[in-house]
Amino acid sequence: MDFILSPEIDALRLKVRTFVADEIEPLEADPASYNEFENIRLDLRDRMRARARAAGIYAPQMPTDRGGLGLPMIGQAALYEEANRSIFGPSCINCAAPDDGNMRLLSMVAREDQKDQWLQPIIDGAVNSSFVMTEPHPGGGSDPGMMLTSAEKQGDTWVVRGRKWFISGAGVAKHFILVARTDPNPEEKRRHLSAFLFHRDQPGWKIVRRIDNMGPDEHGGVCELEFDGLEIADADRLMEVGDGLKATQIRLGPARLTHCMRWLGLAKRCMEIAAEYTSRREGFGIRLADRESVQLKMGELAHDIQIGRLLVMHAAWMLDQGDFARKEVSMAKVHVADTLQKAADVAIQLNGARGYSKDTILEWIYRYARCARIVDGASEVHNMVLARFYAKEGQDFWRWGS
């Protein structure tokens with residue numbers, strides 16, 4: 001297992017670090033940089049994307065023939081971590097959720113004509129996108145077998161009815177990937193879903209509400225959608241009928257890992273803020289950084305971040321070898337989600353009232369971090385998956401490679 005970056009990828013990593021520090025991080029301190037949902041204004045983001053493209057660090061995950069850098073997963077891990085040293089970084093180099101996972105899926109499974117129509121505009125930054133899957137009770141959440149939203153074939157058209165919620169990015173998206181039930185048999189659990197592509201302007205659906213949450217929001221927030229006769233041409237079906245669950249798995253596996261890559265960047269930023277403040281803040285005649293209690297917190301946090309990086313790099317390496325790395329991705333997802341929340345909490349504690357205020361970005365990261373243990377599979381679900389793998393594989397659970 002070789003995690004050593006090539007000289008070319010390491011040079012890109014350092015270029016991203018410099019770009020984020022010089023161009024993006026200063027924007028965080030300016031209230032005018034934010035929209036009403038506490039994320040970077042889209043017009044400002046688009047200007048930064050133009051600069052990132054000119055700097056040669058745009059869309060690291062996309063093929064070179066479509067304007068990306070064509071990096072392997074290990075290279076993406078290094079760049080994504082550097083990008084998310086700023087809360088705005090991933091969006092500015094076009095590797096933020098949900099577009100990141102949607103681009104990845106379309107790049108892997110869409111027909112060439114579908115890539116031209118549905119993928120390329122996302123890569124170019126002309127549109128935002130959204131993945132439409134999760135449903136309110138009693139519909140499908142972590143268990144896609146419960147999905148109720150239906151797509152019924154009528155000639156060369158599919159007619160969609162149902163309801164979805166907590167759909168990331170839907171508020172500003174123009175391109176949507178929808179997963180719906182095409183086999184009405186409730187006992188069918190493997191081939192009951194299909195995936196479709198539709199545009200914001202198509203009739204037969206609406207955004208019911210943008211769901212308020214702890215925030216800060218992804219671009220477009222999380223929304224509740226209602227489908228009441230949306231018609232989708234069969235030509236806009238993604239993959240084959242019954243491949244919806246497969247499409248979901250293809251998207252969510254790497255997407256979970258790219259979340260972890262970005263979260264590590266935020267966790268490191270939290271530790272940097274804590275280290276800087278404790279190095280100069282004194283109390284009772286001693287610097288905070290010289291207190292054993294502070295050193296124990298910082299040492300444990302550094303330890304957890306490095307474990308997370310190794311878990312991420314191992315899973316990325318396995319994906320690069322062609323493995324699905326399901327166990328390894330679940331391990332990374334659980335650990336890094338916990339580490340991000342811990343990093344934000346420790347940094348706020350060590351900064352005291354300053355950390356709780358908006359004088360730093362720690363409170364922003366703290367609120368954002370809480371969703372990490374829920375999105376793309378709750379930590380409990382991933383632990384359940386790991387337990388099932390162990391029950392099936394026993395000693396083979398701890399494999400060395402792919």
Side-chain angles (χ1 to χ4, degrees), residues 97-98 101-102 105 130-154 157-171 173 176-198 202-214 217-218 220-232 237-239 241-253 255-256 259 326 330 333-334 337 370-388:
N102 296 336
L105 173 62
S130 185
F131 188 74
V132 185
M133 182 173 177
T134 304
E135 298 177 345
H137 181 78
S142 295
D143 181 359
M146 298 169 61
M147 191 169 295
L148 297 177
T149 298
S150 67
E152 181 182 354
K153 186 81 178 296
Q154 296 182 4
T157 301
W158 295 87
V159 181
V160 181
R161 292 184 172 84
R163 187 172 288 257
K164 303 282 188 177
W165 72 347
F166 292 104
I167 304 305
S168 296
F176 292 82
I177 304 172
L178 166 72
V179 180
R181 176 179 286 275
T182 49
D183 187 333
N185 177 12
E187 301 304 318
E188 173 57 58
K189 301 291 186 180
R190 297 295 299 176
R191 302 279 300 172
H192 62 300
L193 305 178
S194 300
F196 303 91
L197 304 166
F198 73 93
Q202 291 176 231
W205 77 284
K206 66 179 180 180
I207 295 178
V208 177
R209 60 180 175 133
R210 182 165 179 158
I211 304 171
D212 290 334
N213 56 67
M214 286 174 65
D217 272 347
E218 304 279 4
V222 290
C223 299
E224 183 171 357
L225 316 182
E226 183 179 58
F227 296 88
D228 185 22
L230 169 67
E231 296 185 1
I232 301 176
R237 172 175 34 84
L238 187 63
M239 305 178 69
V241 175
D243 280 347
L245 183 59
K246 182 178 180 181
T248 298
Q249 291 171 332
I250 290 171
R251 182 191 185 278
L252 289 182
R256 289 168 178 138
H259 270 315
R326 291 193 178 101
S330 285
K333 171 66 167 58
V334 172
R370 187 56 187 87
C371 76
R373 291 161 54 202
I374 300 172
V375 297
D376 282 9
S379 295
E380 291 79 5
V381 174
H382 286 289
N383 282 327
M384 179 180 69
V385 168
L386 291 171
R388 288 177 176 175

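If you take CZ on Arg370 and CE on Met214, they are separated by 7.5 Å, rounding to the nearest 0.5 Å. Going from atom CG of Leu225 over to atom OG of Ser130 covers 7.0 Å, rounded to the nearest 0.5 Å. To the nearest 0.5 angstrom, Thr182 atom OG1 is 5.0 Å from Trp158 atom CH2. Within the model, atoms NZ of Lys333 and CZ of Arg256 stand 7.5 Å from one another, a figure rounded to the nearest 0.5 Å. If you take CD on Glu380 and CD1 on Ile374, they are separated by 9.0 Å, rounding to the nearest 0.5 Å. With values rounded to the nearest 0.5 angstrom, Ile167 atom CD1 is found 13.5 Å from Arg210 atom CZ.
Checked by atom type and distance alone, the side chain of His382 pairs as donor or acceptor with a backbone atom of Asp376 at under 3.5 Å. Between the side chain of Ser194 and the main chain of Gly244, no donor-acceptor pair closer than 3.5 Å is present.
Nearest heavy-atom pair across Ala180 and Ser150 is CB-C, 4.2 Å. Taking both residues in full, the closest heavy atoms of Ala337 and Ala372 are given as CB-O, 3.6 Å, listed atom of the first, atom of the second, then distance. When all heavy atoms of Val222 and Ser168 are compared, the pair lying nearest together is CG1-OG, 3.8 Å. Residues Cys223 and Ile207 approach most closely at CB-CG2, 4.0 Å, considering heavy atoms. What you find for Ser330 and Val385 is that their closest heavy atoms are OG-CG1, 4.3 Å. Contact detail for Ala247 and Ala195: the closest heavy-atom pair is CB-CB, 4.3 Å.
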Below 3.5 Å, can you tabulate the donor-acceptor pairs from side chains in residues 137-145 to any protein atom, sequence neighbours excluded?
unit_1, atom_1, unit_2, atom_2, d
Asp143, OD1, Gly145, N, 2.9

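Arg191 is listed as a side-chain neighbour of Asp243, based on a closest heavy-atom distance under 4.5 Å. Between Leu238 and Ile177, some side-chain heavy-atom pair lies under the 4.5 Å cut-off. Between Phe227 and Leu178, the closest side-chain pair of non-hydrogen atoms falls below 4.5 Å. A 4.5 Å side-chain heavy-atom check between Asn102 and Arg251 finds at least one atom pair inside the cut-off. Residues Leu148 and Glu135 are in side-chain contact: their nearest non-hydrogen atoms beyond the backbone lie under 4.5 Å apart.
Residue Glu152 qualifies as open at atom CD: its count of foreign heavy atoms under 6.0 Å is 12 or below. In this structure, Asp212 places its CG atom where only 12 or fewer heavy-atom neighbours from other residues, nucleotides or ligands lie under 6.0 Å away.
Ring-plane geometry between Phe198 and Phe176 is classed as parallel, the angle between the planes falling under 30 degrees on a 0 to 90 degree scale with a further cut at 60.
Among Lys206, Arg161, Lys164, the one residue that satisfies the salt bridge (Lys or Arg N to Asp or Glu O under 4.0 Å) test with Glu226 is Lys206.
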Under the side chain to side chain contact (heavy atoms under 4.5 Å, CB included) rule, what do Arg163 and Glu224 come out as? Steps first, then yes or no, please.
CA-CA 7 Å; Arg163 187 172 288 257; Glu224 183 171 357; 2.9 Å; yes

